[in-house]
Amino acid sequence: MDSLRKLSRTLWLALLTTALSACSVSYKFNGASIDYTKTKTISIADFPIRSNYVWGPMQAIFNNQLRDIYANHTRLQQVKRNGDLKLEGEITQYSQRNKGISSEGHSQQTELSMTVNVRFTNNAKHEEDFEQQFTANTFYESTQSLISVQEELVTEMVKNITEQIFNATVANW
């Protein structure tokens with residue numbers, strides 16, 4: 001009887017081990033869902049500033065962050081032109097406006113906003129092509145000067161917008 005129990009346990013253990021090793025689950029933690037057999041390259045054009053209000057370093061911060069997000073989260077090779085995927089566009093709006101008026105009638109907060117127009121071309125699947133605007137907003141206390149918080153806030157908005165662009169182009173969520 002004891003040997004029958006041991007044999008039964010051994011069989012169950014062998015069956016369980018076989019079943020678990022036969023199952024395989026695959027996850028992508030980078031968020032990208034790209035068929036690398038068809039899509040190998042991406043060309044990202046410089047996005048110029050076409051806004052009435054301009055902060056000079058914003059263009060370089062945006063262009064570098066956009067290239068970095070694709071370099072860090074995909075295996076796509078970045079090429080100057082004729083990529084399997086193509087991103088181009090412009091920074092169309094950068095503005096600030098008063099928000100949150102105090103009881104004395106003074107502004108308590110200022111909203112800083114940035115909008116980027118993107119034209120995306122997928123040369124392997126043209127039905128995924130689009131032109132779309134992406135916007136990010138952030139706030140700062142009106143007691144602070146824009147000069148003192150501008151770099152931090154623009155960097156935050158650029159990160160938000162480049163993540164939106166990445167998700168819209170290759171994440172397919």
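The model shown is predicted, which means the values in this text are computed figures rather than measured ones.
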> Does any donor atom in the side chain of N137 or S113 lie under 3.5 Å from an acceptor atom in the other side chain?
Replying inline: yes
> Any luck finding a side-chain donor-acceptor pair between N160 and Q164 under 3.5 Å?
Replying inline: yes
> Would you say Q96 and Y140 make side-chain contact, with heavy atoms under 4.5 Å?
Replying inline: yes
>> Can you confirm whether Y70 sits close enough to I165 that some side-chain heavy atom of one is under 4.5 Å from a side-chain heavy atom of the other?
In response: yes
> Which atom pair, heavy atoms only, marks the closest approach of D46 to P48?
Replying inline: O-CD, 3.2 Å
> CG of L153 to CG of L146: how many Å apart, nearest 0.5 Å?
Replying inline: 7.5 Å
> Looking at CD of Q93 and CD of Q133, how far apart are the two atoms once the value is rounded to the nearest 0.5 Å?
Replying inline: 9.0 Å
> Is it the case that one hydrophobic cluster holds both L112 and V149, taking links as side-chain heavy atoms less than 4.5 Å apart, direct or via other members?
Replying inline: yes
> Can you check whether G89's main-chain N or O pairs, donor with acceptor, with N117's side chain at less than 3.5 Å?
Replying inline: no
> Can you tell me how far the NE2 atom of H73 sits from the CD1 atom of I34, to the nearest 0.5 Å?
Replying inline: 11.5 Å
> For the residue pair I69 and T162, what are the closest heavy atoms and their distance?
Replying inline: CD1-O, 3.8 Å
> What's the shortest heavy-atom distance between I161 and M114, and which atoms?
Replying inline: CD1-O, 3.5 Å
> Would you call D68 and K159 a salt bridge, taking side-chain N to carboxylate O under 4.0 Å as the test?
Replying inline: no
> Considering only heavy atoms from C-beta outward, does the side chain of I44 approach that of Q78 to under 4.5 Å?
Replying inline: yes
>> Could you check whether any side-chain heavy atom of R119 comes within less than 4.5 Å of a side-chain heavy atom of E90, counting everything from C-beta outward?
In response: yes
>> For F47 versus E88, what's the shortest heavy-atom pair and its separation?
In response: CZ-C, 3.4 Å
> Does some side-chain heavy atom of F62 sit less than 4.5 Å from a side-chain heavy atom of V116?
Replying inline: yes
> Are more than 12 heavy atoms from other residues, nucleotides or ligands located less than 6.0 Å from atom CD of E151?
Replying inline: no
> Looking at CG of L87 and CG of N122, how far apart are the two atoms once the value is rounded to the nearest 0.5 Å?
Replying inline: 10.5 Å
> Looking only at heavy atoms, what is the nearest atom pair of Q65 and V158, with distance?
Replying inline: CB-CG1, 3.6 Å
> Between F130 and F120, how do the two ring planes meet: parallel, tilted or perpendicular, split at 30° and 60°?
Replying inline: tilted
>> Tell me whether N98 contacts the main-chain N or O of T110 through its side chain, where contact means a donor paired with an acceptor under 3.5 Å.
In response: no
> Counting distance only, does the side-chain N/O of T39 pair as donor-acceptor with the main-chain N or O of Y36 below 3.5 Å?
Replying inline: no
> With a 3.5 Å cut-off and no angle check, do the side chains of T143 and E141 form a donor-acceptor pair?
Replying inline: no
>> When you compare the side chain of I61 with that of W55, does any pair of heavy atoms fall below 4.5 Å?
In response: yes
> Do you know which two heavy atoms are closest between A136 and M157, and how far apart they sit?
Replying inline: O-SD, 3.5 Å
> So how far is it from I42 CD1 to T169 OG1, rounded to the nearest 0.5 Å?
Replying inline: 6.0 Å
>> Take a 6.0 Å sphere around NZ of K40 and say whether it holds more than 12 heavy atoms from other residues, nucleotides or ligands.
In response: yes
> Is there a donor-acceptor pair under 3.5 Å between the side chain of S51 and the backbone N or O of Y53?
Replying inline: yes
> Are side-chain heavy atoms of Q108 and S142 found at a separation under 4.5 Å?
Replying inline: no
> Are any non-hydrogen side-chain atoms of L66 and F166 less than 4.5 angstrom apart?
Replying inline: no
> Can you tell me how far the CD atom of Q150 sits from the OG1 atom of T155, to the nearest 0.5 Å?
Replying inline: 10.0 Å
> Do other residues, nucleotides or ligands put more than 12 heavy atoms under 6.0 Å from the CD atom of E152?
Replying inline: no
